[in-house]
Amino acid sequence: MKIVTIKEKECQAPEACDYICVQVCPRVREGAVGTVYKRENKKAAIDENLCIACGICVNRCPYDAIRVINLPDELNKELVFQYNVNSFRTYNIVSPMEGKVVGILGRNGIGKTTNINLISNTLKPNFGDFLNGASEKEIIRRFRGKEIQPYLEKLYKGDIKISKKEQSLSFTGKVREIVKKNKYKLITDEIMDKDISSLSGGQIQSVAIAAAMDNEADVYIFDEPMNYLDIYQRLRIANIIKEKLKNKTTIIVEHDLVMLDYLTDFVQIMYGSESNYGIVSHLMQTRVGINNYLAGYLPSENMKFREHEIKIKGNVPDGSLETLASWPDFNANIGQFTLSVGQNTVYRGEIVGIIGENGVGKTTFAKAITGLVEMDNGRLELGLKISYKPQFIEASDVIVRDMLISIKRDFLSSETFSGIMKRLGIDRILNKNMKNLSGGELQKLAIFSTLLRDADIYLFDEPSANLDLEDRLEAINIVGSFIKANKKGAIIIDHDLMFINAISTRAALFEGTPNKSGRMGNITRTEEAINSLLKRVDITMRKDPDSGRPRINSPNSRLDIEQKKSGRMFEI
Ligand code: ADP
Ligand code: MG
């Protein structure tokens with residue numbers, strides 16, 4: 001079986017493209033006119049039955065919009081949903097489990113949100129018949145014998161009430177109108193009185209979660225709940241979901257592996273080809289499922305879905321003690337906020353992680369050592385060049401290639417940078433306008449352009465935001481080897497503990513009262529900094545022996561009790 005996808009956004013017909021795909025098709029030339037044709041909306045379309053998969057149009061499309069993919073024939077009977085002609089489709093379906101928390105793990109664009117919509121009646125399975133759809137009766141019949149069948153039966157009867165935290169946070173208006181009850185006190189009174197437009201990303205995410213949890217429902221769905229939340233908010237919200245939604249049927253999509261692991265009982269993996277098709281795996285127990293995902297292999301389905309295995313290692317210092325930067329004790333006052341920082345040193349070839357609550361001065365610190373803010377005694381002059389990736393990335397109206405050339409003219413002829421570019425998938429977006437990039441693409445572009453700038457210290461503010469797990473791990477490897485190979489230094493602020501643990505050799509914990517005052521702790525081994533953070537929240541973690549990923553211990557489990565007693569909150 002073959003499937004053909006044409007990305008509607010990429011296809012530039014009829015304005016900028018004269019249907020090159022139609023012109024080059026050997027079948028069309030032979031007279032099989034319907035093989036490649038114009039849709040009503042003037043975009044190109046390909047008849048998947050007539051197409052002979054020669055690949056000519058795929059190679060000749062100037063906008064790289066076409067994919068022809070061979071799939072095993074058996075898969076065809078698992079087709080659950082297709083949006084449109086030559087569009088994305090999903091095989092099999094996510095299955096809620098009564099009274100349990102099921103996690104969904106997979107790359108951006110693999111169909112997680114599509115599946116969430118299928119089980120919340122926002123979309124209906126159409127089994128590929130996107131023109132006519134399928135009746136509810138037909139849907140129930142087609143799923144006979146599957147876990148999902150009784151669920152959908154109840155859903156269509158109206159016997160299941162769903163409360164959903166959507167992935168995109170498109171709220172407007174007053175917080176109080178969105179979070180009516182604030183049942184679990186997720187939102188402070190102060191914020192309840194504000195308007196959404198005045199809130200930070202983390203606060204808006206909390207509002208969305210609080211609103212979803214306010215509803216009385218049978219099924220709770222959270223599509224990427226941890227984005228923009230700081231580490232304390234993540235842990236707090238995870239604990240509230242675990243406690244208050246106990247025995248509720250819950251579905252969670254999340255790329256923060258520590259949180260996904262902590263929150264869920266089971267997982268379903270989605271694999272396939274991003275924005276072309278996605279396949280939903282069987283349910284697996286969370287620990288096994290995550291480890292299979294990292295291994296890229298599903299034993300129960302005998303399915304290898306990734307060429308390489310993902311290893312999560314802690315970064316180890318290379319022993320270099322060559323000073324790259326030192327700063328003295330200093331205080332910085334910005335508006336109402338005071339930051340105090342102790343004397344410290346960053347060595348060549350090392351990556352320093354920064355962890356801590358939102359609003360306690362992490363970004364202010366970054367700006368201070370860059371010389372961007374006034375100290376009590378003037379600006380810091382460290383004589384360093386710093387390349388800075390801000391937390392929020394603005395997309396300007398410019399073609400990606402031109403933007404990159406403006407940073408480094410000859411980046412395309414540099415072996416190092418063209419390698420990094422491919423690994424981050426930037427080569428595929430070079431001709432796109434920055435305004436049309438997805439959140440993940442924008443983040444990868446920002447990471448890449450930060451590395452392109454010549455500097456002594458590379459400073460990344462929340463680089464994991466909007467990245468899927470594979471991207472996070474790729475970013476860890478890329479930044480890690482770049483910094484080591486070039487004997488530079490990096491400072492990375494992030495809230496994903498797997499990410500911070502794997503990318504940094506040393507780290508500092510920021511503490512304080514949000515938006516009033518903050519203090520930067522000493523730079524210590526990363527495990528020690530994480531240890532101090534965990535002490536503050538009375539949570540213990542260990543490393544999974546198979547994959548090396550950090551896992552939160554269940555409260556009051558044997559390990560939890562032992563580690564608390566010994567004070568080793570993070571056992572490695
Ligand atoms: P995920 O949540 O895993 O990131 P999504 O379910 O959002 O993935 O998207 C999967 C694919 O489906 C993407 O390629 C997306 O462009 C496509 N898609 C989403 N909505 C539509 C739609 N209404 N019409 C056509 N394609 C869509
Ligand atoms: Mg999604």
Side-chain angles (χ1 to χ4, degrees), residues 3-11 39-41 43-46 48 63-69 71 79-94 102-126 128-131 133 164-170 205 208-209 212 221-228 251-257 259-260 267-281 289 293 305-306 425 428-429 432 436-444 464-472:
I3 64 168
V4 181
T5 61
I6 302 181
K7 267 151 234 120
E8 244 182 82
K9 271 200 205 139
E10 318 288 308
C11 175
R39 282 171 61 185
E40 271 163 36
N41 68 3
K43 299 285 177 189
I46 295 177
E48 293 178 15
Y63 303 97
D64 196 25
I66 310 172
R67 291 287 179 278
V68 178
I69 299 169
L71 291 174
L79 178 59
V80 166
F81 180 80
Q82 179 171 349
Y83 282 100
N84 214 323
V85 191
N86 300 134
S87 82
F88 178 85
R89 57 211 82 183
T90 158
Y91 297 91
N92 223 323
I93 189 168
V94 159
V102 173
I104 308 175
L105 185 53
R107 300 216 64 168
N108 284 334
I110 206 73
K112 300 179 300 300
T113 300
T114 304
N115 265 274
I116 295 254
N117 288 335
L118 287 168
I119 58 165
S120 53
N121 216 2
T122 311
L123 290 174
K124 278 206 161 76
N126 60 19
D129 188 352
F130 45 84
L131 288 178
K164 176 155 69 168
K165 199 296 287 176
E166 306 269 359
Q167 177 177 358
S168 63
L169 304 172
S170 46
Q205 187 70 268
I209 294 172
I221 299 177
F222 300 92
D223 197 351
E224 305 203 14
M226 298 297 171
N227 284 341
Y228 318 115
I251 300 276
I252 299 179
V253 177
E254 182 52 53
H255 298 295
D256 180 329
L257 211 50
M259 292 299 150
L260 183 80
V267 292
Q268 279 183 295
I269 287 169
M270 288 203 67
Y271 58 96
S273 166
E274 299 96 271
S275 64
N276 298 311
Y277 73 97
I279 303 175
V280 186
S281 79
Y293 187 76
F305 60 88
R306 195 190 311 106
R428 294 196 299 265
I429 57 169
K432 282 197 182 180
N436 296 332
L437 300 183
S438 69
E441 289 169 334
L442 208 53
Q443 185 68 268
K444 286 186 275 184
S464 80
N466 292 317
L467 296 186
D468 63 32
L469 182 64
E470 271 96 330
D471 286 334
R472 290 180 197 198

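Everything quoted here is computed from the prediction, not taken from an experiment. Order of appearance sets the numbers: ligands from 1, and atoms from 1 within every ligand.
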Please say whether F88 places an N or O atom under 3.5 Å from an N or O atom belonging to ligand 1. no
closest protein heavy atom to atom 7 (O) of ligand 1 is T113 CB, 3.6 Å
Can you find a side-chain donor-acceptor pair between T90 and N115 that sits under 3.5 Å?
yes
**Item:** Any protein heavy atom < 4.0 Å from atom 27 (C) of ligand 1
**Value:** yes
Can you check ring pair (Phe, Tyr, Trp, His ring centres under 6.0 Å) on Y293 and F305, steps first, answer last? CA-CA 9 Å; Y293 187 76; F305 60 88; 5.8 Å; yes
Quiz item: Is it true that R39 and E8 make a salt bridge, defined as a side-chain N closer than 4.0 Å to a carboxylate O?
Solution: yes
request  = Measure from atom 16 (O) of ligand 1 to the protein's non-hydrogen atoms and state whether any distance is below 4.0 Å.
outcome  = no
> Do E274 and N108 meet the criterion of a side-chain donor-acceptor pair at a distance under 3.5 Å?
Replying inline: no
dist I3:CD1 -> L79:CG (nearest 0.5 Å) comes out at 9.0 Å
The option among T114, V85, D468 carrying the non-hydrogen atom nearest to atom 9 (O) of ligand 1 is T114
Is there a polar contact between ligand 1 and N276, counting only N or O atoms under 3.5 Å apart? no
Please lay out, stage by stage, how Q167 and T113 fare under the test side-chain hydrogen bond (donor to acceptor under 3.5 Å, both in side chains). CA-CA 8 Å; Q167 177 177 358; T113 300; 2.8 Å; yes
(Q) Does the residue G111 have a heavy-atom contact with ligand 1, meaning some pair of atoms that are separated by less than 4.0 Å? (A) yes
re atom 22 (C) of ligand 1, the protein heavy-atom contact at minimum distance is Y83 CD2, 3.2 Å
Smallest heavy-atom separation, S120 atom then K164 atom, equals OG-NZ, 3.0 Å
Sub-4.0 Å heavy-atom contact, R107 with ligand 1
yes
*Determine, for E224 against K165, whether the closest basic-nitrogen to carboxylate-oxygen distance falls under 4.0 angstrom.*
no
protein heavy-atom neighbour closest to atom 4 (O) of ligand 1 works out as G109 N, 2.7 Å
dist I6:CD1 -> S87:OG (nearest 0.5 Å) comes out at 10.5 Å
Practice problem: Answer yes or no for R89 and F130: cation-pi contact, defined as NZ/CZ to six-membered ring centre under 6.0 Å and angle to ring axis within 45°. | Solution: no
Should N108 be listed as contacting ligand 1, given a heavy-atom distance under 4.0 Å as the test?
-> yes
Listed as residue and atom, the protein N/O/S atoms under 2.8 Å from the Mg ion (ligand 2) are T113 OG1, Q167 OE1
Notebook entry, point to check: Would you call E441 and K432 a salt bridge, using N to O less than 4.0 angstrom?
Noted result: yes
